[in-house]
Structure formats: structure tokens, C-alpha cells
There are 2 protein chains.
Amino acid sequence: MSVPAVDLTVCPDRLESDLGALAQLVETDHPGWTRTALGPVDREARELVRRWMADVGLETSVDGAGNLFGRLRGTGSGGHSLMVGSHTDSVIGGGRFDGIVGVVGALEAVRVLRESGRQLEHDLVVVDFFNEEPNEFGLSCVGSRAMVGELTGDHLGLRDDQGRTLADALEGVGIDPAGALGAGYDFSGVDTFLELHIEQGPYLEAQGSQVGLVESITGISRFRALFTGQADHAGTAPMDRRRDAGCAAAGTVLAVERIAAEGDHTKGTSGQVTFTPAAVNVVTAHAEFRGEFRGPEGEWLRHAQERLTAAAGEEGHRRGVDVEVDWLPLQEPAPMSDPVLATLTEVVDGLGLTSSRLFSGAEHDAAVLARRVPTGMLFVPSRDGRSHCPEEWTDLADVTAGVTALTQALIALDRRGKP
Amino acid sequence: MSVPAVDLTVCPDRLESDLGALAQLVETDHPGWTRTALGPVDREARELVRRWMADVGLETSVDGAGNLFGRLRGTGSGGHSLMVGSHTDSVIGGGRFDGIVGVVGALEAVRVLRESGRQLEHDLVVVDFFNEEPNEFGLSCVGSRAMVGELTGDHLGLRDDQGRTLADALEGVGIDPAGALGAGYDFSGVDTFLELHIEQGPYLEAQGSQVGLVESITGISRFRALFTGQADHAGTAPMDRRRDAGCAAAGTVLAVERIAAEGDHTKGTSGQVTFTPAAVNVVTAHAEFRGEFRGPEGEWLRHAQERLTAAAGEEGHRRGVDVEVDWLPLQEPAPMSDPVLATLTEVVDGLGLTSSRLFSGAEHDAAVLARRVPTGMLFVPSRDGRSHCPEEWTDLADVTAGVTALTQALIALDRRGKP
């Protein structure tokens, strides 16, 4: 079944202009398009988005966690709303589309709706979430966590490499930490949350699809692995008597790769590797790295945890190296709402767009919101699947198709009410 | 055949006192017994050794490269000499015996010879070589290299992490770089060089031997390996499309271990590993590490180079990662002089000491001197084979036995002349 499209025209020039304006507001001491949420430029960009919201007739507000809202009053009296949005912060050395497409696209949807003279029954709430990207304290989705009441004092106490706390960093960008903890949003009237985003992977391009219909958002399981061996003279310690922590760590890095490669849509990545002492003529006494698994199934993630812990233990045991693998709390995969996904599918089919269902390997604010609200997500293609790098690119025609689908979906969801 | 020992008595108390005095002169901002040649304390320690040399009746001098000499005139008129010594600098976090035993032992040999009333025909030249341990510029055996004319302008231009040159660092400890380049020693009259040193490995202890008779000193082949892949989003880049430079590096670290484990008395070690960017949620774009092989055979080292280069290439190829392995000039293994080794063997047997022939996996000034002078080396045991760490230990009885063998060997070599 497909939904007949309402006659509306999304304007590519306006999308291009807004994307271009945000691309000017970047930290110039980094490559690519860098606008970190706790950095010096993000606040200016958010003020620009607030002015845009006001310009298209939205009532703007900012909550205690820095989330920016723009509300278009609906005709209904029930206090129900549809929420739509994404984020405008970016990673260091990132691109011009990740997150930004979803905010600029939501504003264009408002413009198109107003130009059409059509009024929604629901209030429409556009959100620019604060600090979606992982910050230097290792925390992502700061704003959306605060909205669902999952930002904690422990989070605020996280420290960066310089020993500064997240609380300090928030104050540095004008956010009162106590206010951030109290920024829970009242979701009782929110019928649906929608997020438009770039895919950040190669699947849609490979399938030749204009739009991606997200079925679920990845679960993530992160760990820190510590290896303790013994420093020895690299010339005199026999190979069979060494306790080389570096070799045990290297074997475990390969185990992460091997375990992830055996799963379906699963990923495994290692980074932040250190060998101590940092000398070629001393056997490595201590090694450490961080790693993560991602996948669409919580069960697989738990299985991968078991296998990796066992593999690390074996790499250590064989070399007389003590191994400790500390797992952070597992982030469960977030399935999208079936009724919302059904509506999105009907809308996309009604527009005659080519589409694919897919799984998101990247984290999104939508995964956080999905714990409280029926949530749906639309993807547009990423050229060569590249993201979090200056090469990140989505053609304007694809952005326009995505925004068209988003706008039509809001109309369809408005008609249907709470799924 | 054994050489009947001359009646001489080495004094353990004097050895203990001298070892203890040098153990006081350390850099206290590091663990263990740290006295780096380019650091603030080594100069004071060398001045103490110079006074000890003068106290036992040696004519002292310092060459342009900071090497300290003490000469005991012999009765001969031919200008022939025997050279004996080691070094008193140590690695960061090192121990109290590495090098020091050979200098303190040579001075005790002079004392014992003088107390016995015996005069050698040869001049006896005691040396405290400058900067034997690898310094922060990656160079070892600075003083002995200068003596054999192998210190070069390229060496002086080496830079540390702060960008300072070795030339600057030498000036900082009172050594004129031009003088260091011109410090070639006239070896024409030197019949033999002997070095007493701790084993720094577990072999003598395992064999129950009091003394080690070194057959050859290790060759070393060092490399730097660079891996260039592609940064990608850790959640969206499929495992089979990644170009993960970190995994290729980890596989190569394991290849170093595997290749070395298959040889005979061969070693392989990796260190100074970096993965960039240092983030767990980005696929590693660049990785780098340094590695080395050591072994008694130059041919095996060249074979290991080929195998490692091939293995690194394969680890990269499989993942679409570009690999570059840069090999530094190979240091050939240094065989000790057969006639000197024969004399040492006879002396040790004559003293009734238990001994083993062995290969030195560690670098020594003796390997540098061996390129110009018939050279021999005696080892004493290291407890648990530990060295370059605070746990480094050799029992006083073992040091005493080693110094006794050294003294008797000087007498035997004096009798025999140039081997």
C-alpha cells in the first residue's frame, strides 16, 4: 500500500543555502568541517538555527541541556505533537551533512507546509539536539539523554585527558550542569519522533536506493582491555620466557576483527592502543586498548563479549600475561516503531522513490528517543559510504528527496495520530 | 688445558663499596637506578670514577667523546697495551650492575695487581666508555663508536622527541661535538680488549655456571613499519570494506614474534606502537611501530628481514592497507677473538670456576671494539635473567669470581702478547 502524495515542492536552493551557511561556521584549526558541541563555534551555529526557526514562524526555546526547540502550533486541542529533528554538531575533521541534513530538512519541511497553506492538527516540534557526537569525555547524545532523563551525575563527572569534567565543559559553553540534569522532556503528548539523516555507510548507494527505511539502530558494547606482562631486555630475554603484553594485545586486536567479521551486519573496531615502555629494545610490560562491537542483535553482542573475553584470556595465558577486559554497560539495539516504519514505507512508495530497508550501524538521537516515543528514521545515501571525514557527501537531489519524504511523512502521521 | 692461577686475592668488600657509591649517584625523578649519559648525574659519577682511577695510580685522561681512560704503565718498551673496561651509564629505570661491574671490576684488578707487586709488560688501559646505553636520540655505544672512528655527522644530527639534536645534548654535558667526531683512538698498539659484564639473561643461572665465555655478540636489525589505511565510521563501514591500518599493524607485531620464535637464540621485539586517530569509534587510518630482530647469524637476520617484509605486505594487502617497512643499517653479529676466548677458557678452568660458552643477545662496547682489536668478553650471572629494571641483581660472590677471572686473564694475556 502507498500513500498518495500531497502536492508540495521542496526547494533544493534553500537546502543548499542553509547547508552552506552552517558549513561556514567551523573551527578552522582542524581539517574538514569541525563544529564540536563543547568547542568555540557550535553556540554561534545554534543561534543561527534559532534565528532560522523564528524566521519560519516557530516559537523557539532552549532547555537546560542546550537542546534547541522550535514549535509550530497545530489546530488540535489535545496537546499532541510530532517531533522532528537531528543535530548540528560535528566530529573533529568531519563533514557537512551528518546531522545537519536532519535539522535543515526539518526547517524546510516547515517552510513547505506553511507555503502550501496546510495546517497540521498536531503541534510540530523541530529539535536541534545538543552534542550528539561523542565528545572528549567519551559521551555522545548528551542532549537527547537529558531529554529522556538518562543524563546522570556520573556523566557530568567524566573527565577529559586534561582532567577537566564534563560539568566544567558545559559551563564553559553556557550550560548550567544542574539545569542539564533537570532537562527531562514531557513526552506524554509526543505521538512520534522522526529523524532524517545521512546513511554514513555504502548500502543505499550500492542498492541504488534514494531513501533508506531504518529498521533498527545498532547496539554497542565497548570495552577497555589491559595487559600486564613483564619488561625485559629485548636482546637477552628468550622468546619462550617472555611475558610480552604487546603481543597479547595485538592478538586481541585481531580477535576483535575476526569475531566481528563472522557476524551479520556486525562491526568490531579497536583504537587508543598504547604499549609501555615505548621502546623497541624493551619487552612491552603493559599494553592497553579500547574496542567495541556493534550489531543489530543484543544476543550477538553478549556472545561477542564472551568470545572476546575468552580470546583475550587465551592470548594472555599463552604468554604469561595477565589480562583484564572491562566492559562498559551494553547499549541495546533500538528497533524503530513498526507502525511508523509502515507509514514511512507507504509515503516513500507513494512518492515513487526507490528505497531499501536497512540497519543503522551508527548511533543516533533517534535511538535514545525510541526508548520513550514511537520513532522512525529516514536515511539518504552517502557517497562511497564515507562519513566523519571531509569527503562526506550527499547529492542535493538525494537530500531533496529525503526532505520531501520527511514532509509527506509528517502529514501522513498527523492524519493517523498516535501509532 | 688450563692456566695455573697466580696467587691473587680479589676483595669483595671493595667491590661492594664501589658498587654502592655509584648507586648513590642517580636521577631521583625516575624509578630504579637511573644515570643516563646525557642526564644531570652521569658527569658526577664519571668524575668519581676518575678519582678512583687516580687513587689506584692510573694516569687519567678524557677524550673528545667523553671516554674516560686510566693508564697503568707496563715494563715493556714496545708501546703495547691491554685495554679493559665497560660503562657506568644506565637506562631509565635500570639497575646497579649493567656496565658498572666491568668498570669497578677493572679498577679492582688494578688494585690486586699492584698489591701483588706484579708488574705487567703491557700498559694496562682501563676505560669507562661514554654513553653505551641507547640514548633519547636512538643511538647507543656513542663513546666506543667515536673511538673506532664510526661516529658521524649524521649521528650528531639525530633529533629527540623535542627536536633537539644529539650535538646540542653533547654540548649540554660539556662535550664539544667536533671533538667527539675527532676522538678516534690509535689501536695500533692495543693487543686485546676485555670486557666483564653481567649476562642480563637467564642462561648462566639455568646452567649453574659462575662465568660465561662469550662466543659472539648479537647482530641487530631494526625497522620502522608504517601502515596507511582509511579512516571510516566504526559503526557503518562493513568489515569486508574496511582498510584498517591498526589490524594490519597488529598482524605484523605477531609476525615479529612468530619469526623470532622459530630461530635459534633469535629474538624479535616490537614497540612504540601508535594508531591514528586514537579513537575507538573510527577505523584506524594510520598505524606505526618499531621492531627489531637479534641473532647470532647475519644470514638469519637477512632472512628474517625478508620474511617480515613479506608478512607485513600480506597483512596490508589482505586489508587494502599500504605498508612501508624501512630497515635501518643491519648491525652484523660480532664474533669474539678465538685466541682470546681460548685464553679466557684456560684461565677460568685454571681457577676451577664453572663456566658456559654463550651468545650475547645484548649490545656491548666490546662488539664495537671487536671491529678493530682482538676482543674477549666474560659474563657473570643475572638473577632471574632480569636486567634494565630495578630488579637487576648479581650476587657479590659471582662478581668476585668474575673479577678474579678478569685479573688472571690480564696476566695470561700479558704473557702471551698479541693473539
Side-chain angles (χ1 to χ4, degrees), chain A residues 91-93 134 199-203 218 220 222 231-241 244 246-247 249-251 253-254 256-257 260-261 265-275 277-284 287 289-292 294 360-363 382 385-389, chain B residues 91-93 134 199-203 218 220 222 231-241 244 246-247 249-251 253-254 256-257 260-261 265-275 277-284 287 289-292 294 360-363 382 385-389:
Chain A
V91 296
I92 292 175
E199 181 198 345
Q200 310 184 266
Y203 187 72
T218 191
I220 305 186
R222 293 206 168 112
D232 264 313
H233 191 297
T236 57
M239 296 307 289
D240 60 0
R241 281 188 52 159
D244 191 325
C247 288
V253 166
L254 294 184
V256 171
E257 182 190 44
H265 296 295
T266 56
K267 318 280 186 326
T269 311
S270 301
Q272 297 179 255
V273 181
T274 58
F275 282 24
V280 63
N281 57 347
V282 181
V283 176
T284 300
F289 75 95
R290 288 170 189 269
E292 61 159 55
R294 302 196 191 205
S360 171
E363 295 180 274
S382 293
R386 305 294 303 281
S387 184
H388 282 190
C389 58
Chain B
V91 296
I92 292 174
E199 181 198 346
Q200 309 184 268
Y203 188 72
T218 191
I220 304 185
R222 292 204 170 114
D232 265 313
H233 191 296
T236 57
M239 297 306 289
D240 61 0
R241 281 188 51 160
D244 191 325
C247 289
V253 165
L254 294 184
V256 171
E257 182 189 45
H265 296 296
T266 57
K267 318 281 186 325
T269 310
S270 302
Q272 296 179 256
V273 181
T274 58
F275 282 23
V280 64
N281 57 346
V282 181
V283 176
T284 299
F289 75 96
R290 289 170 189 269
E292 61 159 55
R294 302 195 191 207
S360 170
E363 295 179 274
S382 292
R386 305 294 305 279
S387 184
H388 283 189
C389 57

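Lettering of chains follows the sequences in order, A, B, ..., and the numbering in each one begins at 1.
Looking at B:Pro238, both its backbone and its side chain come within 4.5 Å of chain A, counting heavy atoms on both sides. For chain A, the nearby parts of B:Cys247 are the backbone and the side chain; heavy atoms of each come within less than 4.5 Å. Neither the backbone nor the side chain of B:Ser360 comes within contact range of chain A, judged by heavy atoms closer than 4.5 Å. Contact of B:Ala362 with chain A is made through backbone and side chain together, with heavy-atom distances under 4.5 Å. Using a 4.5 Å cut-off between heavy atoms, A:Ser382 does not touch chain B at all. Only the backbone of B:Ala237 comes within contact range of chain A, with at least one heavy atom under 4.5 Å from a heavy atom of that chain. Contacts between B:Asp240 and chain A at a heavy-atom distance below 4.5 Å are absent for every atom of the residue. Residue contact with chain B, scored on non-hydrogen atoms closer than 4.5 Å, involves the backbone and the side chain of A:Ala260 alike.
Considering every non-hydrogen atom in both A:Pro134 and B:Asn281, the closest pair reads CG-ND2, 3.2 Å. For A:Thr269 against B:Ala234, the heavy-atom pair with the smallest separation is OG1-CB, 3.4 Å. Pairing each heavy atom of A:Met239 with each of B:Glu257, the nearest pair is CE-O, 3.8 Å. Contact record, A:Phe275 with A:Ala287: CD1-CB, 4.0 Å, taken as the closest heavy-atom pair. When every heavy atom of B:Ala249 is checked against every heavy atom of B:Phe289, the shortest pair comes out as O-CE2, 3.8 Å.
If you check the side chains of A:Ser387 and A:Gln200, you find a donor sitting under 3.5 Å from an acceptor.
No other option in B:Arg241, B:Arg222, B:His265, B:Glu363 has as many heavy-atom pairs under 4.5 Å with chain A as B:Arg241. Contacts with chain A were tallied for B:Gly385, B:Gly361, B:Cys389; B:Gly361 has the most, counting heavy-atom pairs under 4.5 Å. Interface summary for chain B: among A:Gly271, A:Ala250, A:Gly201, the most heavy-atom pairs under 4.5 angstrom belong to A:Ala250. The residue among A:Arg290, A:His388, A:His233 with the most heavy atom pairs within less than 4.5 Å of chain B is A:His233.
Atoms CZ and NZ, on A:Arg294 and A:Lys267 in that order, are 8.5 Å from each other to the nearest 0.5 Å.
Applying the side chain to side chain donor-acceptor pair (under 3.5 Å) rule to A:Thr218 yields no partners; only residues at least two apart in sequence or on another chain are considered.
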